[in-house]
Amino acid sequence: MRTVLVLNGPNLGRLGSREPDVYGAADLDALRTYLMDAAGDDVTIDLRQTDDEAELIHWLHEAVDSALPVILNPAAFTHYSYALRDAAALVTKAGLALVEVHISNPHARDSFRHTSVISGIATGVIAGFGFDSYRLALDAVTRAHPAS
Ligand code: DQA
């Protein structure tokens, strides 16, 4: 049984009511259920959300210490948090997959969203497919780190 950490940054706890034209009408619980169904029996989905940069960083440290692959939606931290980048780099430098995901396509939005300080150290990036961005990342992560 493998655990995949699915970490979500600021304001993603408001999914469902936050800009539904951009992020859709479903909330984080719906995302958790969707990913648990997609994951099958061999994979445990540990989905978390925080508005706190330090907490997100500590969860990445936990990923390193527990050798867990990560699906990370850094939300607005994507665009400026070097501290989060450094923590995410610890994950990939440890040989663990870290996939940066976005519900929307930041490159099709405001210019400040066109920069990601995370992408350069991520294993890969998936953006613009709604909740399917996470499912595609889950496919990639479980393929790279099969249960057996
Ligand atoms: C986001 C895109 C970011 O630009 C934004 O700040 C978010 C969500 C996305 O999932 O599309 O909070 O990461």
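Ligands are counted one by one from 1 in listed order, and the atoms in each one are counted from 1 as well. Note that the structure is a prediction, hence the values are computed from the model and not measured.
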Can Tyr134 and Asn8 be counted as having a side-chain donor-acceptor contact under 3.5 angstrom?
yes

Would you give me the side-chain donor-acceptor pairs under 3.5 Å for residues 92-102, sequence neighbours excluded?
residue : atom : partner : partner atom : Å
Thr92   : OG1  : Ala89   : O            : 3.4
Thr92   : OG1  : Ile121  : O            : 2.9
Glu100  : OE1  : Ser116  : OG           : 3.3
Glu100  : OE1  : Ser119  : N            : 3.1
Glu100  : OE1  : Ser119  : OG           : 2.8
Glu100  : OE2  : His102  : NE2          : 2.7
Glu100  : OE2  : Ser116  : OG           : 3.1

Working to the nearest 0.5 Å, report the span between CD of Glu55 and CG of Leu60.
11.5 Å

Would you tell me whether Ser104 and Arg109 have side-chain atoms, one donor and one acceptor, within less than 3.5 Å of each other?
yes

Starting from the N and O atoms of ligand 1, find every protein N or O within less than 3.5 Å and list the pair with its distance.
residue  : atom   : partner : partner atom : Å
ligand 1 : 4 (O)  : His79   : NE2          : 2.7
ligand 1 : 4 (O)  : Arg113  : NH1          : 2.9
ligand 1 : 6 (O)  : Ala76   : N            : 3.2
ligand 1 : 6 (O)  : Arg113  : NH1          : 3.0
ligand 1 : 10 (O) : Asn73   : ND2          : 2.8
ligand 1 : 10 (O) : Ile103  : N            : 2.7
ligand 1 : 11 (O) : Ile103  : N            : 3.2
ligand 1 : 11 (O) : Ser104  : N            : 2.8
ligand 1 : 11 (O) : Ser104  : OG           : 2.6
ligand 1 : 12 (O) : Arg18   : NH1          : 3.1
ligand 1 : 12 (O) : Arg18   : NH2          : 3.0
ligand 1 : 13 (O) : Asn73   : OD1          : 2.8
ligand 1 : 13 (O) : His102  : ND1          : 2.8

State which residues pass side chain to side chain donor-acceptor pair (under 3.5 Å) with Arg14; sequence neighbours excluded, sorted by chain then number.
none

With a 3.5 Å cut-off and sequence neighbours excluded, list the donor-acceptor pairs that the side chains of residues 27-35 form with protein atoms.
residue : atom : partner : partner atom : Å
Asp27   : OD1  : Asp29   : N            : 3.3
Asp27   : OD1  : Ala30   : N            : 3.0
Asp29   : OD1  : Arg32   : NH1          : 2.8
Arg32   : NH2  : Leu47   : O            : 3.2
Thr33   : OG1  : Asp29   : O            : 3.0
Tyr34   : OH   : Asp132  : OD1          : 2.3
Tyr34   : OH   : Arg135  : NE           : 2.9

